[in-house]
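Within every chain, numbering begins at 1; the chains are lettered A, B, ... in the order of the sequence lines, protein sequences first and strands thereafter. Heavy atoms only: backbone and side chains are in, while hydrogens, waters and symmetry mates are out.
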There are 2 protein chains.
Amino acid sequence: MTTTQVDQRVSLAVSTVIFALRPDPSTGRQTLWLPLVRRIREPYEGKWALPGGPLEAHEDLAASARHTLERTTGLGDSYLEQLYSFGAVDRSPDRVVSIVYWALVRPDEDARAIDGENVEWFVADDVPDLAFDHDDIVRYALDRLRAKITYSPIAHAFLADEFTLAELREVHEAVLRKSLDPANFRRQVLAGRTIEPTGTCLTGTSHRPPALYRAAARPEEIAR
Amino acid sequence: MTTTQVDQRVSLAVSTVIFALRPDPSTGRQTLWLPLVRRIREPYEGKWALPGGPLEAHEDLAASARHTLERTTGLGDSYLEQLYSFGAVDRSPDRVVSIVYWALVRPDEDARAIDGENVEWFVADDVPDLAFDHDDIVRYALDRLRAKITYSPIAHAFLADEFTLAELREVHEAVLRKSLDPANFRRQVLAGRTIEPTGTCLTGTSHRPPALYRAAARPEEIAR
DNA sequence: ACAAAAGTGTTAATTTTACACCCATGC
DNA sequence: GCATGGGTGTAAAATTAACACTTTTGT
């Protein structure tokens, strides 16, 4: 990220698309947001870019993504998954290959988020013109997230340990930007065996208390 | 691949899992094979490893994978797709991050393959103990290929420009290691609109001549 | 004529979708 | 009681799966 290559070396950076669900300012409904960092040096000085940094020799790829998450939002405990690696020769004036992760931030974590230097959050589907090929990366991340949520239990990553089916459905609706039939959603999710009831209900609602669930024991983590 | 790191730099390699379909020596049915390269220096001297090499400053990631394909098999024109990047600190004595591609080789290409130095082909489900974390990588590639063939038209990549539905089905059967109902397979594939008839038939068979198909115009390439 | 694979038809089983309706709580 | 979502039931529609049967070639 800070590299100015003199010789013919390729340098390696890890960037992270940090997704959190927050209300849309216009509709008020939940949508995907992500934090960007304003560049304070060339190239693309003044433009917004994905948070990231060079891979340090002593850290794993996911650890690097986690450090970026911490530096950008102050948060530590979020779901991380490798997305893709971008390495076109002309994607940057110097030669940088970026390995991109996404982080899915839970609301309880998100509430504690503290923006780092030059950090600002944007609605994910409405980001400004970004530095490098980061527009492509954000688009790709959104496509992949929307595809993956339909066949994988990643939606849990946007929720606290215990949650109601309505909350889980709201995550799906926010990511997919369409409403889902509550009755059918319930049956499909339960048939998938990815969640299990805690045995308790959420009280204090102005209606029938919904049952609480947690992620099932063996999530059987399958990368896309 | 040849790197001996003095300082704390991370080096970057691109490896390629080259898949081709060839007859299983015991059953005679088509299965997945891949070429491995015997290491001629430490670490893991004498062990088999995936073909690959350091990323050169002037080449894109896919171009590097293509060079490896050429160096290993003499072949040029095959479907390439990025699989995953492996970067655990302890995966190698020096610090190497490997971006792994797969190449799917068509039979007409495979027939022209010429093995490079220290190259030998193995049945993909029965490879020997490999160097580094390459066992994990091969397992991961097999899992991903078997998952992806069920929802994506990658099977075409194992066939020449024109092919019969039986040939396409044989690719699926070889990859998934189970037989599929010809009638239902036909309907599912045709409903998917991923192939279109050429209008001609294959002659010279000892039975009714099957229609020939080609990949449909817009494959709408969606990376998993 | 016969074998062998191409290709079509048909039906049962399963999954998806749409929507009606009862349940449990706060006010 | 009434409003509000939670949760269940049910039937039509669409998809998948199993398998019988007809077609077209080479021998």
Distance, rounded to the nearest Å, where K178(B) contributes NZ and dA17(D) contributes P: 8 Å
Would K148(A) and E81(A) pass as an ion pair if we require N to O under 4.0 Å? yes
Any carboxylate oxygen within less than 4.0 angstrom of a Lys/Arg side-chain nitrogen, looking at E109(A) and R106(A)? no
Tell me the interatomic distance from L180(B), atom CG, to dG7(C), atom C1', rounded to whole angstroms. 17 Å
Taking salt bridge (charged side-chain N to carboxylate O under 4.0 Å, His left out) as the cut-off, I'd like each qualifying pair that reaches into residues 15-30 of chain A, sequence neighbours left out, listed once. R22(A)-D110(A)
Interatomic distance, Y151(B) OH vs dT16(D) C1' [rounded to whole Å]: 20 Å
Heavy-atom side-chain proximity of F185(B) to H172(B) below 4.5 angstrom: yes
Test item: S64(B) and T16(B) side chains (from C-beta on) under 4.5 Å apart, heavy atoms: no
Can you build the contact string for nucleotides 11-19 of chain C? Use B for base contact, S for sugar-phosphate-only contact, and - for no protein heavy atom under 4.0 Å. ------BBB
Spacing of L202(B) atom CG relative to dT25(D) atom C1', expressed in whole Å: 12 Å
Can you tell me how far C1' of dG6(D) sits from CG of L168(A), to the nearest Å? 15 Å
Please report the distance, rounded to the nearest Å, between CZ in F185(B) and C1' in dA5(C). 15 Å
Checking R139(B) against D125(B) for the salt bridge (charged side-chain N to carboxylate O under 4.0 Å, His left out) test, could you report, in this order, the C-alpha distance in whole Å, the side-chain angles of both residues, the deciding distance, and whether it holds? CA-CA 8 Å; R139(B) 235 190 322 277; D125(B) 286 297; over 6 Å; no
Less than 4.0 angstrom from a charged side-chain N to a carboxylate O is my criterion; do E70(B) and R66(B) meet it? no
So, E196(A) and R214(A), do they make that salt bridge, N to O below 4.0 Å? yes
Rounded to whole Å, the CG-C1' distance (L190(A) to dG6(D)) equals 13 Å
Evaluate the ring planes of F132(B) and H134(B), with Trp represented by its six-membered ring, and classify them as parallel (under 30°), tilted (30 to 60°) or perpendicular (over 60°). tilted
Between protein and nucleotides 21-27 of chain C, map the contacts as a letter string: B base, S sugar-phosphate only, - none, heavy atoms under 4.0 Å, written 5' to 3'. --BBBS-
Roughly how many Å is it from CG in L212(B) to C1' in dA5(C), rounded to a whole number? 15 Å
